[in-house]
Every structure is written in C-alpha cells, then in structure tokens.
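Below is one structure, written out as structure tokens; comments come after it.
Because only heavy atoms are used, hydrogens play no part in the values below, and waters and symmetry mates are left out as well, while side chains stay in.
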Amino acid sequence: MIIKNSARLSFRLMESQDAQLLWQLDQDPEVMHFLNGGQPTSMTTINEVFIPRMNAYRDSEKGFGLWHVSDKNSREYFGWILARPMDFFSDKPDLADIELGWRFFKKTWGKGYATEAAIAIKNALATQPNIQSFS
C-alpha cells in the first residue's frame with residue numbers, strides 16, 4: 001500500500017533498517033514520559049524487541065506497520081504512525097479493527113502533524129476490504 005502525501009507530510013512504511021530513527025525518537029524523555037516514565041529506549045531494545053514486534057504485524061499490502069512521517073518538502077523525519085490489527089499479540093487478533101497510534105518528536109507537537117498523518121493513513125486503510133473500524 002502506498003499512502004499519498006497529505007498537505008504537509010509524506011509517508012512510507014518503516015523497515016528494520018530504520019532502527020536508528022526509532023532509537024533517536026525514543027531518546028527524548030518527554031516523548032517517552034507517558035510510555036515508560038521518561039526512560040530512553042536502548043538500541044538493544046529497539047533491535048531485539050521493537051523491530052521484531054514491528055515485523056510481526058508489518059504487512060505492506062494491507063498497510064499494517066509503522067508509517068514513517070516526514071515533512072514532504074524537507075524530508076525531515078517527524079515520527080511515526082502505527083497501524084495494526086487490534087489485539088494482534090493475543091490469541092484472537094481482530095483484523096477488521098485497526099489500532100492507530102503515534103510517536104512524534106517534541107518539536108513537532110502542537111502543529112497538527114499527528115492528526116494530519118493519522119487521518120491520511122486512516123483514510124488509505126479504510127479503502128482496504130474487511131476493515132470495519134479504527135480504535
């Protein structure tokens with residue numbers, strides 16, 4: 001799946017090779033505050049936990065995964081939007097109910113980037129057969 005640029009942003013599905021970008025985002029204590037109390041994520045955790053989890057639900061045809069979000073003109077990386085089936089890591093994942101989540105660098109907060117990105121990704125995913133809702 002390809003997600004078209006929005007007014008200000010461009011998107012691409014992230015891959016294992018993006019580990020450094022994922023790590024950089026997790027180094028800001030304010031970004032991590034509500035996730036784990038502000039502790040930065042180690043590169044070991046990114047490589048041994050985060051990347052394998054991302055790869056488990058990543059599906060480029062269905063649009064599941066972490067979507068790299070960047071400024072469409074400068075290409076500056078702002079953060080990511082997660083799109084995955086609800087309860088994916090349980091015995092009964094719900095492939096028709098898609099969980100959206102995000103993590104963005106603090107310098108982008110308050111500018112509407114996460115909202116703009118989530119809407120663009122939700123709208124693209126909504127064109128997929130069998131997607132019934134977003135959580």
Side-chain angles (χ1 to χ4, degrees):
M1 167 179 274
I2 295 173
I3 298 183
K4 294 179 184 175
N5 291 348
S6 65
R8 303 177 291 170
L9 305 171
S10 65
F11 312 97
R12 70 170 176 79
L13 202 54
M14 297 184 88
E15 301 177 350
S16 298
Q17 294 84 348
D18 291 311
Q20 185 70 30
L21 294 175
L22 297 169
W23 176 82
Q24 288 171 348
L25 182 56
D26 285 8
Q27 298 314 292
D28 184 335
E30 291 191 69
V31 169
M32 301 304 290
H33 177 75
F34 293 104
L35 299 168
N36 65 13
Q39 297 302 309
T41 305
S42 70
M43 189 54 122
T44 300
T45 299
I46 294 290
N47 286 321
E48 294 178 4
V49 177
F50 204 87
I51 295 291
R53 285 179 60 88
M54 177 187 75
N55 287 337
Y57 58 82
R58 188 181 186 282
D59 185 324
S60 60
E61 287 183 30
K62 293 179 181 173
F64 301 157
L66 292 182
W67 286 93
H68 177 285
V69 179
S70 61
D71 180 282
K72 87 174 177 184
N73 295 319
S74 71
R75 300 288 186 212
E76 179 184 0
Y77 171 56
F78 285 169
W80 51 255
I81 299 282
L82 169 141
R84 75 175 171 217
M86 285 299 295
D87 302 319
F88 183 81
F89 292 104
S90 73
D91 293 345
K92 297 179 184 178
D94 186 350
L95 300 178
D97 186 8
I98 305 305
E99 173 185 10
L100 294 179
W102 47 87
R103 193 173 302 175
F104 281 71
F105 284 102
K106 184 176 183 210
K107 67 183 176 183
T108 68
W109 295 359
K111 298 177 181 172
Y113 294 129
T115 301
E116 184 177 327
I119 289 169
I121 291 167
K122 177 193 72 80
N123 289 344
L125 289 170
T127 66
Q128 293 289 322
N130 302 320
I131 303 267
Q132 297 174 355
S133 62
F134 293 89
S135 298

Steps toward side chain to side chain contact (heavy atoms under 4.5 Å, CB included) verdict (E99, R84): CA-CA 5 Å; E99 173 185 10; R84 75 175 171 217; 3.1 Å; yes
Full working for side chain to side chain contact (heavy atoms under 4.5 Å, CB included) between F50 and L22: CA-CA 9 Å; F50 204 87; L22 297 169; 3.8 Å; yes
Worked verdict on I98 versus F64 for side chain to side chain contact (heavy atoms under 4.5 Å, CB included): CA-CA 9 Å; I98 305 305; F64 301 157; 3.4 Å; yes
Candidate pair M1 and L125, rule side chain to side chain contact (heavy atoms under 4.5 Å, CB included), full reasoning: CA-CA 9 Å; M1 167 179 274; L125 289 170; 3.8 Å; yes
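M54 and L21 fall within a single hydrophobic cluster, where Ile, Leu, Val, Met, Phe, Trp and Tyr side chains are chained together by heavy-atom contacts under 4.5 Å. By the criterion of side-chain heavy atoms lying less than 4.5 angstrom apart, applied directly or through intervening Ile, Leu, Val, Met, Phe, Trp or Tyr residues, F88 is grouped together with W67 in one hydrophobic cluster. V69 and W109 end up in the same hydrophobic cluster when Ile, Leu, Val, Met, Phe, Trp and Tyr side chains are linked at under 4.5 Å. Hydrophobic clustering places L35 together with F104 (ILVMFWY residues linked when any side-chain heavy atoms are closer than 4.5 Å, directly or through intermediates). Following chains of ILVMFWY side-chain contacts shorter than 4.5 Å, one cannot reach L9 starting from I2, and the two form parts of different hydrophobic clusters.
Counting heavy atoms from C-beta on, the side chains of M14 and R58 never come closer than 4.5 Å. Counting heavy atoms from C-beta outward, R12 and H68 have side chains that approach closer than 4.5 Å. Proximity of Q20 to M43: side-chain heavy atoms (C-beta onward) are separated by under 4.5 Å at one or more points. The closest side-chain heavy-atom distance from D26 to P40 is not below 4.5 Å.
Note that OG1 of T127 is 11.0 Å distant from NZ of K122, once rounded to the nearest 0.5 Å. To the nearest 0.5 angstrom, E48 atom CD is 14.5 Å from R53 atom CZ. Annotation: the span from N73 atom CG to R8 atom CZ amounts to 11.5 Å, rounded to 0.5 Å. Note: N5 CG to D71 CG = 10.0 Å, rounded to the nearest 0.5 Å. Taking NZ from K4 and CG from N123, the interatomic distance works out to 11.5 Å, rounded to the nearest 0.5 Å. A distance of 9.5 Å separates CG in L82 from CD1 in I121, rounded to the nearest 0.5 Å.
The existence of a salt bridge linking K111 and E116 is excluded, since no basic side-chain nitrogen approaches an acidic carboxylate oxygen closer than 4.0 Å.
Here the closest heavy-atom approach between residue N130 and residue A96 is recorded as O-CB, 3.1 Å. Residues I81 and A114 come closest through the heavy atom pair CD1-O, 3.9 Å. Taking every heavy atom of both residues into account, R103 and L25 meet most closely at O-CD2, 3.3 Å. Between V31 and K106, the shortest heavy-atom contact is CG2-N, 3.9 Å. Pairing each heavy atom of I3 with each of A124, the nearest pair is CG1-CB, 3.8 Å. Taking every heavy atom of both residues into account, S60 and L13 meet most closely at CA-CD2, 3.6 Å.
Without hydrogens or angle criteria, D87 side chain to S90 main chain gives no donor-acceptor distance under 3.5 Å.
Counting heavy atoms of neighbouring residues, nucleotides and ligands inside a 6.0 Å radius, atom CZ of F34 does not exceed 12 of them. Atom CD of E61 has 12 or fewer neighbouring heavy atoms from other residues, nucleotides or ligands inside a 6.0 Å radius.
Using a 30° and 60° split on the angle between ring planes, F105 and Y77 fall in the perpendicular class, above 60°.
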